[in-house]
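Below: the structure, in structure tokens.
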Amino acid sequence: MNYYNIVIIGSILEPLSYQSTNNINLFSVVDVELRGKLVQGIVIEQIDKPKYICLDIQNITKEYFTPVMIECANFIKNYYFSSLGEAIALFYPHVDMPLVETNHQYIAINLSDAQQKVINFVLKNRQSLIFGDTGSGKTEIYIKLIKQNIKNGKSAIMLLPEISLTPQMSKRLKIVFGDEVAIWHSKITKKKKKEILQKIASKQIKLIAGARSALFLPFNNLGLIIVDEEHDDSYKASSKPRINAKDIAIYYAKILDAKLVLGSATPLCSTYHKIPTIRLKGTYFNSQKEYIYENSNNNLSPFIIEQISLTLQQRQQIIIFVPTRANFKSISCLECAESIKCPYCSVSMSLHKGDSILKCHYCNFTTPIPLYCEKCKCENLTSQRIGTAEVAEQLQVIFHKNNIKRFDSDEIKNTKELRSRLNEFDNKKIDILVGTQMISKGHDYHNVGLSVIIGIDNILHIPDYRSNEKALSTLVQVAGRTGRANRGKILIQSNNINFFKSYIDDYESFIKDELIFRDNLYPPFSKLCRVLFAHNNANKAQEQMNQFLLNLQQFNNIEIIGYGESAINKIANKYRYNILLRSHQVKALLNAINQSKTSLAQIDMDPINFN
Ligand SMILES: [Zn+2]
Ligand SMILES: [Zn+2]
């Protein structure tokens with residue numbers, strides 16, 4: 001009889017011991033019984049006969065995992081404080097798979113000298129960051145690199161934010177790579193997933209372009225990992241394991257001995273600091289941009305309306321960026337200044353006029369719009385921070401002959417709606433598109449004569465060490481999406497004009513200044529970790545935080561930046577406390593957290609959300 005330690009895939013349990021008369025290879029997937037149910041596990045170790053009685057391994061289904069996958073999963077377990085079972089589950093798309101085959105001819109593309117220079121740089125370096133303006137032709141460079149990689153007999157992964165996986169992008173890749181490319185994201189069907197896995201196994205597919213989870217597919221000869229739009233927050237998972245797929249890609253490429261290429265028009269300061277960088281300027285479309293500033297915030301001013309009117313007269317389209325959805329972010333009482341809060345969360349409820357409701361954007365609780373203040377009973381209610389719905393409605397009243405549509409998560413619920421709205425806009429059936437961050441991602445608008453940015457100061461004022469970076473990067477991304485073919489105007493409404501003016505055309509100098517500002521305090525010069533404690537009972541959450549703080553006292557080389565109630569101290573009836581930690585030594589930090597852990601502690605390494 002043989003004995004094995006088995007990790008249950010997706011489980012938080014420690015490895016469990018099972019027995020089998022068969023000789024089973026390491027990392028094989030097996031079926032085992034757990035609490036009366038058949039579950040899938042992976043064999044991670046052969047062990048001596050334990051003192052207790054073991055259950056039999058039921059089926060040995062297949063060999064799927066490579067040692068490198070397990071090494072990467074172990075890294076995720078240790079760095080992001082998940083279980084090994086949860087980390088391994090990332091690599092396992094849970095569909096069965098056998099085998100197939102074909103071949104494909106490539107179409108040649110010509111690159112500019114500047115693009116060729118980038119290729120040479122990438123070929124010389126194991127890791128590179130392509131700091132390329134929107135419209136500078138990064139995609140052609142990726143395609144060339146992938147072709148070369150395939151020619152060398154290796155496969156490639158190209159990660160993109162889910163929203164950037166547009167039909168244009170996949171069409172473009174299909175033209176070049178035909179059957180050798182597949183698109184992978186969370187919404188593809190089980191059947192399609194199975195087909196893709198079969199074709200990866202039979203080496204028919206040599207390129208996967210996909211969202212975060214594509215990184216964990218079972219390529220056995222990966223030569224190249226590309227992470228496009230590397231600045232995008234969607235690479236960071238908001239639930240356990242709280243990985244950042246961009247950072248995992250850097251690590252994974254290293255242990256696989258594969259080439260790593262990151263790309264962005266607005267790279268993160270920390271990436272720029274860490275990774276060898278090549279600058280590619282946006283001369284590709286030869287566009288001209290004119291920036292106009294208005295010293296104001298959060299309103300659809302007469303000046304903005306005048307500029308929209310002028311643009312419509314010239315038969316050009318308009319995009320409007322507003323970082324808030326609904327009609328207004330909140331409503332409050334003019335007498336007692338109290339804002340109307342969600343009963344389950346410590347946040348203001350947003351005004352949705354269309355549905356005649358107030359809605360909480362954290363727990364989705366809704367309530368009819370009140371007629372008076374609950375606290376002082378006065379009827380003088382006022383609204384704050386204009387949102388996409390209000391901008392669209394106000395504009396529709398003024399420009400009633402024009403077609404005005406929204407582009408936010410209230411209106412766009414799936415990829416089909418996303419595609420059809422973008423198609424309508426591209427076919428000029430929409431004159432004005434009003435959207436949230438969604439509008440700044442992945443799509444290029446070709447007939448846009450004016451981009452309006454309202455409420456960017458709200459991003460600038462988020463209490464987060466990255467708020468300057470987020471605000472400027474959003475602005476540059478919105479501006480970069482427009483006016484490619486012709487002269488485009490960009491109207492920025494802000495009370496911080498000097499900040500935006502000094503950097504809008506020179507993102508690199510922003511990065512350099514920002515790195516000086518962050519020196520020694522914030523990433524990339526230090527590591528941050530946020531530990532969150534959430535519970536229905538506020539005392540329990542607080543006790544656990546205090547216990548964690550007490551446990552931390554014995555450790556050196558870590559700094560407690562702050563602790564106490566979270567910025568949002570209640571969400572969905574759970575009271576929230578947190579600790580923010582900083583260290584210059586990763587190992588010291590990981591060790592201290594590991595030794596101080598309490599049962600409620602949710603550990604978030606390299607956090608991007610400080611609410
Ligand atoms: Zn009141
Ligand atoms: Zn709520």
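Whatever order the structure lists ligands and atoms in, that order sets their numbers, starting from 1.
- Annotation: protein N, O or S atoms under 2.8 Å of the Zn ion (ligand 2) (waters excluded) comprise Cys342 SG, Cys345 SG, Cys360 SG, Cys363 SG.
- Ring to ring, Phe499 and Tyr503 are close: their centroids are under 6.0 angstrom apart.
- The distance cut-off of 2.8 Å around the Zn ion (ligand 1) captures these protein N, O or S atoms, sorted by chain and number: Cys333 SG, Cys336 SG, Cys373 SG, Cys376 SG.
- Looking at Glu514 and Arg518, a side-chain N of the basic residue comes within less than 4.0 Å of a carboxylate O on the acidic one, giving a salt bridge.
- Between the Ser346 side chain and the Lys570 main chain, a donor and an acceptor come within less than 3.5 Å of each other.
- A search for salt bridge (Lys or Arg N to Asp or Glu O under 4.0 Å) contacts involving Asp408 returns Arg406, not counting sequence neighbours.
- Asn298 and Asn458 form a side-chain donor-acceptor contact under 3.5 Å, judged by distance and modelled atom types alone.
- Tyr293 carries Lys501 over the face of its six-membered ring, with the cationic atom under 6.0 Å from the centre and within 45° of the normal.
- Salt bridge present: Glu411 and Arg421 bring a charged side-chain N and a carboxylate O closer than 4.0 Å.
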Show me the donor-acceptor pairs, under 3.5 Å and distance only, between side chains in residues 598-608 and residues at least two apart or in other chains.
unit_1	atom_1	unit_2	atom_2	d
Thr598	OG1	Gln544	OE1	3.0
Ser599	OG	Gln544	NE2	3.2
Gln602	OE1	Arg242	NH2	2.9
Asp604	OD1	Lys236	NZ	2.8
Asp606	OD1	Tyr79	OH	3.2
Asp606	OD1	Lys527	NZ	3.3
Asp606	OD2	Tyr79	OH	2.6

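- With hydrogens and angles left out, the side-chain atoms of Gln394 and Glu390 include a donor and acceptor closer than 3.5 Å.
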